[in-house]
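Please read through the structure below; I'll follow up with questions.
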Amino acid sequence: MGLSPEEWQAVRLTLGVAARAVGFGLPVAVLVALLLSGARFAGRPLVDALVHLPLVVPPVVTGWLLLLVFGVHGPVGAWLWAVFGVRLAFTTAGASLACAVMSFPLMVRAVRQSLDAVDRGLLDAARTLGAGRIDRLVSVTLPLAAPGIVVGALVGFAASLGEFGAVITFAASIPGETQTLPLAIYAALQSPGGEAVAARLSLVSVGLAVAGLLAADVADRRMRRRVSG
Amino acid sequence: MISVALRHAYPGFALDAAFAVPAAGTTVLFGPSGCGKTTIIAAIAGLLRPDGGRVVVDGVTLCDVAAGISVAVERRRLGVVFQESRLFPHLSVRGNLRFGLRRAASGPVRIADIVDLLGLAALLDRRPHSLSGGERQRVAIGRALLSQPRLLLMDEPLASLDAAMKAEILPFLARLRAAMAIPIVYVTHAMDEVARLADHVVLLERGRVRFAGTLEEAAARGDLPIAQRDDAAAILTLEVAGHDEKRRLSCLKFGETVLQVPLLVAKTGESVRIRVPAREVILATSYPIGISLHNIVPGTVRAVTEDAARHAALVEIAVGPKCLIARVTPDAVSRLGLRPGIPVLALIKAMAIEVL
């Protein structure tokens, strides 16, 4: 099954976009998960709802909202352009941002579940042994939640590979820049005689998804073994 | 001095307990489940914020609700051994032992000594999940000691172990008591642990302190719940006076006289702890003759308490500064005319004395 250089480019681009979506999204997801699994605070339900918004709102709406905020005329987008000369809308970075936002709730959920499962008794024991708040987080909570963090990363990566609506709305479908696999498949289907290209790319998509799931399973088992001894 | 005064209310339970014990040796908080022992330990450790009261250890105020003082748990320098060992599953035994050590100011407890004392050498590279319950508790004790605590708190550390594991770990605890200068506050509802480990006892009943004092006193008082148990016994710490290899007997100094017990391995001059069960002590007002008995101890009746549930009476006998306790029938009390101040002889079979 030979892929054309353009098709290879779409594959590489997709992997790069998904990697950056996880690279930037996961640390924030861990922080938000920590916030949500910690002590109750007044705004918690609001934060919780906000985090889950991309999961329930149509992706095209999320993409459009991103455009409103991060577009060159949006409040954040205009500032980024004026201060750093950085443009997100219709760029590879923008595609990554769209993927990060869309997969964010999935990452937060996976991390939060493993944080909630950390035995409070172990944290009390760590306190009696002289570990302060940050120390407990670094030396007990995060290592014990590591399986959930790895799973969150893989789930976020897999979701980013398939993200369509938000990416096409916020970043458009520019070959070599923002045209990830799903967008390339869609474009091929729109052009006459593109079925063969669409079929090849779909096969690659499925292959990546299966590989991702297998990796998640292996990683999960390894991490669990490490954590539980 | 460890001085504790705590008030705390849960729905359906109120703790209002105060006691002060020397900051040396082992103090056992003893009482039935739900009497407030664990609440006291949690409040001393700082894991529970009491409604009122104060905790002062060796002149350092760890908590004083009225004055608004509450030292953070991580700065109290108290080692805590929990019932479920709470070892960190992602760390090896060595990693667990080092956890507290790395975070503590330098102190006298060294990792090599702890490994030696608790027999941990073969376990160092193992993970907690591969250890037996007893091994886990030994590691947890080592980990707490290596955090260089000013006080070691142990919350029913043997309660989740079966009898065999308990028997395996009790000698380690007894050695710990002898080898370490760190005072221990130990919570249990098991009398055998009290007898083996305690120097001081705080008896708790429904959230209140019934008695606080030495183990010898707590065990010999007929009016306290320990003497009301089937296994009531005087618990005495006595010095070995010498051995008679030929007669296969050892002599223990006891007041003006000696107690003879089956030959011991302890050296002369060493202290041993013995148990003299109350129901094995016979009382007499004159010396019997032609009897197999080795131990006839003269003493004075200190108190007589009725034990109505058993149709029995508990007689406390002062022997110098120490005290024996005998469980006899009320009929024997009236026949011999036993009442406080009466001189009496306590007859104790050598074989009835249990060396702990």
Side-chain angles (χ1 to χ4, degrees), chain A residues 26-27 30-31 33-34 37-41 110-154 216-229, chain B residues 38 41-42 44-48 62 71-93 95-105 107 123 125-131 136 139-155:
Chain A
L26 187 67
V30 170
L31 288 177
L34 282 169
S37 82
R40 297 190 171 277
F41 58 96
V111 175
R112 192 181 159 185
Q113 255 174 24
S114 64
L115 286 176
D116 287 344
V118 170
D119 180 359
R120 305 280 129 178
L122 291 176
L123 296 174
D124 279 350
R127 290 192 82 182
T128 66
L129 293 165
R133 188 185 292 271
I134 302 293
D135 189 355
R136 292 198 294 280
L137 179 68
V138 172
S139 53
V140 182
T141 308
L142 288 180
L144 289 177
I149 296 173
V150 170
V151 168
L154 287 165
D217 189 51
V218 170
D220 188 39
R221 264 184 290 153
R222 279 233 179 115
M223 295 299 289
R224 262 174 221 289
R225 234 194 343 260
R226 207 176 70 83
V227 166
S228 62
Chain B
T38 294
I41 284 274
I44 297 176
L47 296 170
L48 173 133
L62 297 178
V71 177
V73 176
E74 53 268 35
R75 283 194 291 276
R76 289 197 178 193
R77 289 188 49 222
L78 303 177
V80 184
V81 179
F82 301 92
Q83 188 177 327
E84 355 63 76
S85 49
R86 299 196 190 179
L87 299 180
F88 301 119
H90 59 297
L91 299 177
S92 65
V93 167
N96 271 283
L97 290 176
R98 283 197 181 141
F99 193 97
L101 185 67
R102 274 172 36 207
R103 288 162 176 81
L123 309 179
D125 295 316
R126 305 251 304 266
R127 288 300 186 102
H129 81 113
S130 73
L131 304 178
R136 261 180 236 163
V139 176
I141 293 165
R143 180 178 73 172
L145 285 170
L146 282 165
S147 69
Q148 317 292 343
R150 58 177 124 233
L151 174 67
L152 185 64
L153 303 170
M154 303 178 90
D155 185 7

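Per chain, numbering begins at 1; letters A, B, ... match sequence-line order. Side chains are part of it too, since the values below use all heavy atoms of this structure and drop only hydrogens, waters and symmetry mates.
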Problem set entry | Contact leader toward chain A among Arg126(B), Glu84(B), Arg143(B), Arg102(B), where contacts are heavy-atom pairs under 4.5 Å |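 Heavy-atom pairs under 4.5 Å are most numerous for Arg143(B).
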
For this session: Look at the side chain of Arg86(B) and the backbone N and O of Ala125(A), then say whether any donor-acceptor pair between them is shorter than 3.5 Å.
Result: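 Looks like no, no N/O pair under 3.5 Å.
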
For this session: Return the minimal non-hydrogen interatomic distance between Leu129(A) and Ala144(B), and the atom names on each side.
Result: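 Heavy atoms only, the tightest pair is CD2-CA, 4.2 Å.
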
Exercise. Is His90(B) reaching over with its side chain to a backbone N or O of Ala146(A), donor-acceptor style, under 3.5 angstrom?
Worked result: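 Not confirmed, His90(B) side chain does not pair with Ala146(A) backbone.
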
Exercise. Between Ala140(B) and chain A, which part of the residue has a heavy atom less than 4.5 Å away: side chain, backbone, both or neither?
Worked result: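 Interface part for Ala140(B): neither.
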
Problem set entry | side chain to side chain contact (heavy atoms under 4.5 Å, CB included) partners of Asp119(A), counting only residues at least two apart | Leu122(A)

For this session: Name, in order of residue number, those residues of residues 75-83 of chain B that have a heavy atom at a distance of less than 4.5 Å from a heavy atom in chain A; otherwise write 'none'.
Result: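 The list, in residue order, reads Leu78(B), Val80(B), Phe82(B).
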
Exercise. What do the steps show when you test Leu144(A) against Phe88(B) for side chain to side chain contact (heavy atoms under 4.5 Å, CB included), and what is the final call?
Worked result: CA-CA 9 Å; Leu144(A) 289 177; Phe88(B) 301 119; 5.8 Å; no

For this session: For residues Arg133(A) and Glu74(B), determine if any side-chain heavy atom of one lies less than 4.5 Å from a side-chain heavy atom of the other.
Result: no

For this session: Give the C-alpha distance, both sets of side-chain angles, the deciding distance and a yes or no for side chain to side chain contact (heavy atoms under 4.5 Å, CB included) between Leu47(B) and Thr128(A).
Result: CA-CA 9 Å; Leu47(B) 296 170; Thr128(A) 66; 4.2 Å; yes

Problem set entry | Contacting region of Leu87(B) [heavy-atom separation from chain A under 4.5 Å] |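 Backbone only.
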
